[in-house]
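Everything below concerns the one structure shown next.
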Amino acid sequence: MAATLTDFLFPSLSIRHTFPAKSSLSSSKPCRILITTSSSSRRRSILRCSIAKDISPSSTKIHQSSDGDGDGSILDCVVVGAGISGLCIAQALATKHAEIARNVIVTETRDRVGGNIITFEKDGFLWEEGPNSFQPSDPMLTTVVDCGLKDDLVFGDPNAPRFVLWNGKLRPVPSKPMDLPFFDLMSFSGKLRAGFGAFGLRPPPPGHEESVEEFVRRNLGSEVFERLIEPFCSGVYAGDPAKLSMKAAFGRVWNLEQNGGSIIGGAIKAFQDRKKNPKPSRDPRLPTPKGQTICSFKKGLSMLPEALSKRLGGKVKLSWKLLSVKKLDRGYTLTYETPEGLISVQTKSIILTVPSHVASSLLRPLSMHFQSSITLQLQQSPFLIQRKQFGRNA
Ligand SMILES: Cc1cc2nc3c(=O)[nH]c(=O)nc-3n(C[C@H](O)[C@H](O)[C@H](O)COP(=O)(O)OP(=O)(O)OC[C@H]3O[C@@H](n4cnc5c(N)ncnc54)[C@H](O)[C@@H]3O)c2cc1C
């Protein structure tokens, strides 16, 4: 097996924390739309979703739910989009929130689940068209174990070095504190600037929401930004660090300065807090990753959405494209284009996990304000992936 993907284009591509699976559903509000748009999706929104304006009621079938024990015509919740977000949410509803969301379906416009997650296998090669790894956080590992994929997990080597191409040479990125004095990606003065800044000898926060670039240049200096953070940001977000919010993109690091007055001060405080309030004991079923690493599955990432979908069974409706959302007194009517023609569904609540430009079009008839705030605030980056394949002994 051999697979070499974006790592060649983005040598610093590593940890990503973008599986935004939200699982809350309030029983006190009968009508509710929760949106988890794929703002991290790297496809540019060239095409806009079209909305059928005149859907003739006579040609539209009414979907009758066969799951759960509702009255069969009004669902508790419809999850729109069967990417990783939609599937994780549906699984959480079906397991942890079954008492308030018994009647749930997941609808997907394509004829397969997974959204951005697309794994291919051919001629002995396995490659990913979208994401290629994830960070093994406990919530992710719990999902994996619940889906029966524990034995299929593959962890990356935590000691494998990462490199940044700087001044014509591939230079290793420090992976442990002992590397810091010796790595040649930064100059001596750049390291000093970063060290003093990390201990708090740097300008104070400006009082407005800082971009990643502003925060890093102010706290750690320009060399850290240009040689470490900028390549990392393009690998993880394919975004412009001058526009990405530090608080949103790297909230944990942002919090260190907020809580401790400096990055090091915050790290010490976080360490003390952890000692005072030890974490509850870990689920013994979960594997323990060695060091800072990322992981995937033996047959690629698409094993996860496929396993989630299998568990959800008939709740997943493929080739169902949501065309419109109409507000009722209590709930919503959703109209779908399906292989069986137009189908309409009534539901008490909706969870949209579609890309932001699709959500924006779908919500336009409900609220111009909502629609424009999604369109204006969530930008998507153009993105090109180049793939190279090498045999095992290359
Ligand atoms: C090239 C690339 C590389 C990436 N690398 C990584 C990585 O290594 N690690 C990582 O953690 N993250 C990575 N990401 C980010 C990660 O892939 C996304 O955060 C994640 O897949 C988003 O999942 P989602 O379910 O929110 O959205 P999506 O995967 O976009 O799913 C949305 C679903 O909604 C469906 N849909 C759209 N319109 C409709 C409609 N009208 N009706 C019904 N369904 C509809 C779509 O078909 C799709 O299946 C990468 C992203 C890209 C593009």
Side-chain angles (χ1 to χ4, degrees), residues 3 5-7 9-10 12-22 34-45 47-52 78-91 105-119 127-137 139-140 143 156 232 234-239 249 293-297 300-302 304-306 308-309 316-325 334-338 343 345 350-363 378 380-387:
L5 305 169
T6 45
D7 299 1
L9 199 57
F10 301 103
S12 64
L13 181 81
S14 60
I15 302 159
R16 211 176 302 272
H17 48 276
T18 50
F19 288 125
K22 303 210 169 128
L34 177 71
I35 309 177
T36 77
T37 54
S38 315
S39 55
S40 59
S41 169
R42 293 157 176 196
R43 269 170 300 150
R44 191 169 182 74
S45 51
L47 295 174
R48 295 188 72 80
C49 176
S50 60
I51 294 195
V78 174
V79 180
V80 186
I84 195 66
S85 303
L87 293 169
C88 284
I89 291 169
Q91 151 136 315
I105 59 170
V106 187
T107 59
E108 168 57 49
T109 190
R110 298 185 223 186
D111 61 0
R112 58 157 190 88
V113 295
N116 280 330
I117 301 177
I118 309 171
T119 308
W127 74 94
E128 304 282 0
E129 294 274 304
N132 55 24
S133 55
F134 63 92
Q135 201 178 11
S137 62
M140 275 305 297
T143 306
F232 179 80
S234 57
V236 174
Y237 289 103
T293 185
I294 49 178
C295 58
S296 180
F297 301 100
L301 277 187
S302 61
L304 183 59
E306 280 159 17
L308 284 163
S309 173
V316 180
K317 310 286 179 196
L318 296 180
S319 304
W320 277 39
K321 178 179 182 182
L322 179 59
L323 299 178
S324 68
V325 180
L334 307 186
T335 303
Y336 285 92
E337 185 183 285
T338 77
I343 291 185
V345 172
I350 309 168
I351 298 178
L352 289 180
T353 69
V354 294
S356 53
H357 61 281
V358 179
S360 156
S361 296
L362 288 167
L363 296 177
L378 299 181
Q380 295 187 317
S381 311
F383 195 72
L384 176 74
I385 298 184
Q386 189 185 6
R387 247 171 257 112

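Remember, it's a predicted structure, so these values are computed and weren't measured experimentally. In this chain, numbering begins with 1 at the start of the sequence shown. All ligand and atom numbering here is 1-based and tracks the order in the structure. Side chains included, hydrogens not; waters and symmetry mates left out as well; all remaining heavy atoms used.
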Point to revise | Closest approach of Ser309 to Val113 (non-hydrogen atoms, all atoms of both residues) | key: OG-CG1, 3.7 Å
Point to revise | Gly81 neighbourhood, listing ligand 1 atoms whose heavy-atom distance to it stays under 4.0 Å | key: 33 (C), 34 (O), 35 (C), 44 (N)
Exercise for review: Check for a donor-acceptor pair, side chain of Glu128 on one end and backbone N or O of Gly130 on the other, with a separation under 3.5 Å.
Suggested key: no
Exercise for review: Go through ligand 1 atom by atom and flag the ones less than 4.0 Å from a non-hydrogen atom of Gly130.
Suggested key: 1 (C), 2 (C), 3 (C), 4 (C)
Review point. Would you say Arg110 and ligand 1 have an N/O pair spaced under 3.5 Å apart?
Key: yes
Practice item. Looking only at distances, please establish whether an N/O atom of ligand 1 is found under 3.5 Å from an N/O atom of Ser133. Key: yes
Practice item. Measure the distances from the heavy atoms of Trp320 to every atom of ligand 1 and state whether one is below 4.0 angstrom. Key: yes
Practice item. Please confirm whether the backbone N or O of Ser324 pairs with a side-chain atom of Thr335, one donor and one acceptor, at under 3.5 Å? Key: no
Point to revise | Closest to atom 36 (N) of ligand 1 (judged by heavy-atom distance), picking from Ile89, Val80, Val354 | key: Val354
Revision key, fill the gap. From the list Thr353, Val106, Ile350, Ile105, side chain to side chain contact (heavy atoms under 4.5 Å, CB included) with Val80 holds only for Ile350
Revision key, fill the gap. Smallest heavy-atom separation, Cys88 atom then Thr143 atom, equals SG-CG2, 4.4 Å
Review point. Any idea which part of Thr353 is under 4.0 Å from ligand 1, heavy-atom wise: side chain, backbone, both or neither?
Key: backbone
Practice item. Show which atoms of ligand 1 fall inside a sub-4.0 Å distance from at least one heavy-atom site of Gly115. Key: 29 (O), 31 (O), 48 (C), 49 (O)
Review point. Less than 3.5 Å between some nitrogen or oxygen of Leu322 and one of ligand 1, yes or no?
Key: yes
Revision key, fill the gap. A student checking ligand 1 against Val358 at a 4.0 Å heavy-atom cut-off should list atoms 38 (N), 41 (N)
